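Model, not experiment: these values are computed from the prediction. Both counts, for ligands and for their atoms, begin at 1 and track the order of listing. For this chain, numbers begin at 1 and follow the sequence in order.
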Amino acid sequence: MSAIIIDGKAVAARLREGIARDVAAMTAQGSRAPGLAVVLCGDNAASAIYVRNKGRAAEKVGFRFQLQTCEADTSTADLLRLVAGLNTDEAVDGLLVQLPLPSHVDPDVIADAIAPDKDADGFNPANFGRLAEGRAAPAGATPLGCMELLRSYDVPISGSRAVVVGRSLLVGRPLALLLTNADATVTMCHSRTRDLPGVCREADILVTATGRPGAIDAGYVKPGACVIDVGTTPRDGTVVGDVDRESVEPVAGWLTPVPGGVGPMTIAMLLRNTLSLATARRRSTVVV
Ligand code: NAP
């Protein structure tokens with residue numbers, strides 16, 4: 001047996017094509033194109049590349065893209081003023097503040113300030129709370145990307161046992177909620193979990209998001225399980241995942257490669273979130 005390799009690039013490309021068609025239909029009916037604004041604070045080189053890629057992808061599907069940059073020493077008060085301006089800017093449907101922020105800025109304070117109905121990456125705690133209640137809400141692009149990959153490959157979710165390794169706000173926690181809302185029985189693991197391999201071996205769906213290259217080997221995987229590798233650690237000019245592919249591929253039923261699995265989905269889901277927010281704002285209802 002060898003795992004089906006989940007092609008995130010292809011799924012993301014199909015999603016972007018669908019979004020571009022929806023935007024074209026929207027503008028043909030006289031609506032303005034969805035607007036995405038990204039705030040980039042400071043001079044983190046990787047963040048600058050991510051933001052540039054987001055801008056290109058947004059413009060390619062027909063969105064209006066707005067980049068707001070500010071210096072690394074920008075005060076929290078000034079950053080909050082910038083976010084407040086975008087919250088009330090009628091041309092902006094989706095708003096994202098690129099992380100990490102400079103160390104003197106508390107990301108929670110910024111997340112609190114993003115208007116929930118423009119929250120393109122599910123940062124605002126009101127949206128996280130809605131998700132926790134099992135209600136519709138914008139969620140983070142990366143966890144949504146994982147869900148989309150499972151659905152695209154018809155991986156059974158309802159009734160399955162899912163294990164998520166990692167409990168960050170960016171990935172693990174929202175993904176555990178999304179899986180729960182899709183009727184999986186979910187265990188969230190972290191650095192204090194006892195017998196991690198044993199817990200992981202119970203999983204029909206195993207998601208790893210720790211950033212520990214190669215840590216998940218065949219000893220963590222139930223035969224036939226779907227293994228979603230969110231981890232990305234830069235190495236030798238590329239990125240490596242949390243999964244030891246050589247050992248896991250013969251055991252798993254499905255496997256996301258790194259690169260080319262979850263990574264390409266993140267921007268596609270950000271675009272889809274923004275389109276959903278734009279559509280909801282036009283209908284004046286709450287979201288997604
Ligand atoms: P993070 O905030 O550093 O969280 C890492 C999580 O892993 C924490 O919950 C931590 O547990 C857990 N962990 C660390 N060592 C562990 C161990 N030995 N056993 C079990 N759990 C352990 O990282 P993140 O932001 O969630 O990102 C995780 C990875 O995903 C990184 O490689 C990141 O680059 C990648 N990522 C990729 C994408 C994408 O688009 N593909 C997007 C976002 C993130 P504690 O809570 O106990 O410390």
Side-chain angles (χ1 to χ4, degrees), residues 5-13 15-16 38 44-47 49-54 57 96-101 103 106-108 111 120-123 128 139-150 162-179 186-203 206-217 219-221 227-245 255-273:
I5 301 301
I6 293 181
D7 187 347
K9 267 192 198 164
V11 176
L15 267 167
R16 289 196 306 269
V38 174
N44 183 306
S47 293
I49 294 170
Y50 296 147
V51 166
R52 195 168 64 222
N53 291 341
K54 285 170 186 171
L96 167 79
V97 179
Q98 184 68 39
L99 298 177
L101 288 165
S103 56
D106 179 352
D108 289 348
D121 213 9
F123 281 173
F128 193 82
T142 301
L144 280 176
C146 296
M147 296 300 292
E148 190 66 27
L149 289 178
L150 293 172
V163 171
V164 179
V165 188
R167 58 177 165 179
S168 73
L169 268 180
L170 202 59
V171 188
R173 282 175 203 260
L175 183 56
L177 292 175
L178 288 165
L179 285 162
V186 183
T187 304
M188 190 162 42
C189 301
H190 44 75
S191 62
R192 306 291 173 91
T193 299
R194 280 196 214 119
D195 185 21
L196 186 64
V199 177
C200 290
R201 277 197 305 273
E202 290 176 11
L206 173 61
V207 184
T208 174
T210 67
R212 295 182 309 132
I216 302 292
D217 63 19
Y220 289 67
V221 178
V227 180
I228 303 284
D229 189 355
V230 183
T232 48
T233 304
R235 183 177 286 173
D236 302 331
T238 181
V239 285
V240 292
D242 293 351
V243 170
D244 174 4
R245 180 168 172 174
L255 174 63
T256 60
V258 177
V262 175
M265 295 298 291
T266 297
I267 290 182
M269 299 313 290
L270 171 69
L271 300 178
R272 199 169 82 177
N273 270 353

| Just one of V240, D242, L206 clears the side chain to side chain contact (heavy atoms under 4.5 Å, CB included) bar with D229, so which one? | D242
| message | Tell me whether T193 contacts the main-chain N or O of L196 through its side chain, where contact means a donor paired with an acceptor under 3.5 Å. | response | no
| query | Nearest protein heavy atom to atom 12 (C) of ligand 1, by residue and atom, and its distance? | reply | T210 CG2, 3.9 Å
| query | Identify the closest protein heavy atom to atom 34 (O) of ligand 1: which residue and atom is it, and at what distance? | reply | T232 OG1, 2.8 Å
| said: For ligand 1, which is the ligand I care about here, please tell me if R212 has any N or O atom under 3.5 Å from one of the ligand's N or O atoms. | reply: yes
| note | min-distance protein heavy atom vs atom 29 (C) of ligand 1 -> G211 N, 3.7 Å
| request: With the side chain counted from C-beta on, respond yes when L255 and I6 share a heavy-atom pair under 4.5 Å apart, and no when they do not. | output: no
| task | Would you please determine whether G172 falls within less than 4.0 Å of ligand 1 on a heavy-atom basis? | result | no
| message | Given G140, S191, G145, identify the one with the heavy atom nearest to atom 47 (O) of ligand 1. | response | S191
| task | Using distance alone, decide if ligand 1 has a nitrogen or oxygen within less than 3.5 Å of any nitrogen or oxygen in D242. | result | no
| Is there a side-chain contact between L96 and K54 (heavy atoms, below 4.5 Å)? | yes
| field | Test item: N44 side-chain N/O and A46 main-chain N/O as donor-acceptor pair under 3.5 Å | value | yes
| query | With no hydrogens and no angle check, is any side-chain donor or acceptor of D244 less than 3.5 Å from a backbone partner on I216? | reply | no
| message | Judged on heavy-atom distance to atom 1 (P) of ligand 1, which of C189, P100, S168 sits nearest? | response | S168
| field | CE on M269 to CD on E148, rounded to 0.5 Å | value | 4.5 Å
| field | 4.0 Å heavy-atom contact, A209 with ligand 1 | value | yes
| said: Would you compute the distance between atom OH of Y50 and atom OG1 of T266 and round it to the nearest 0.5 angstrom? | reply: 9.5 Å
| message | Within ligand 1, which atoms have a heavy atom of G166 less than 4.0 Å away? | response | 6 (C), 7 (O), 9 (O)
| request: If you have a sec, work out which protein heavy atom is nearest atom 44 (C) of ligand 1 and how many Å separate them, to one decimal? | output: V171 CG2, 3.9 Å
| field | Residues in side chain to side chain contact (heavy atoms under 4.5 Å, CB included) contact with V186, at least two apart in sequence or another chain | value | A162, V164, A176, L179, T180, A184
| task | Without swapping roles, check the side chain of N273 against the backbone of A120 for a donor-acceptor pair under 3.5 Å. | result | yes
| said: Once salt bridge (charged side-chain N to carboxylate O under 4.0 Å, His left out) is applied, do any residues pair with R245, and if so which ones, sequence neighbours excluded? | reply: E249
| request: Identify the protein heavy atom lying closest to atom 25 (O) of ligand 1, giving its residue, its atom name and the separation to 0.1 Å. | output: L170 CD2, 3.7 Å
| remark: A student checking ligand 1 against L196 at a 4.0 Å heavy-atom cut-off should list atoms 19 (N), 20 (C)
| query | What protein heavy atom is closest to atom 42 (C) of ligand 1, reported as residue, atom name and distance in Å? | reply | T142 OG1, 3.3 Å
| Under 3.5 Å, is there a donor-acceptor pair between the side chain of R173 and the main chain of R167? | yes
| remark: atom 46 (O) of ligand 1: closest protein heavy atom, distance to 0.1 Å, is R167 NE, 2.7 Å
| Hey, which atoms in ligand 1 end up nearer than 4.0 Å to a heavy atom of V165? | 20 (C), 21 (N)
| Does the protein put a heavy atom less than 4.0 Å from atom 3 (O) of ligand 1? | no
| message | Taking a cutoff of less than 4.0 Å between a non-hydrogen atom of the residue and any ligand atom, is V230 in contact with ligand 1? | response | yes
| Nearest to atom 40 (O) of ligand 1, what protein heavy atom do you find, and at what distance? | T266 OG1, 2.8 Å
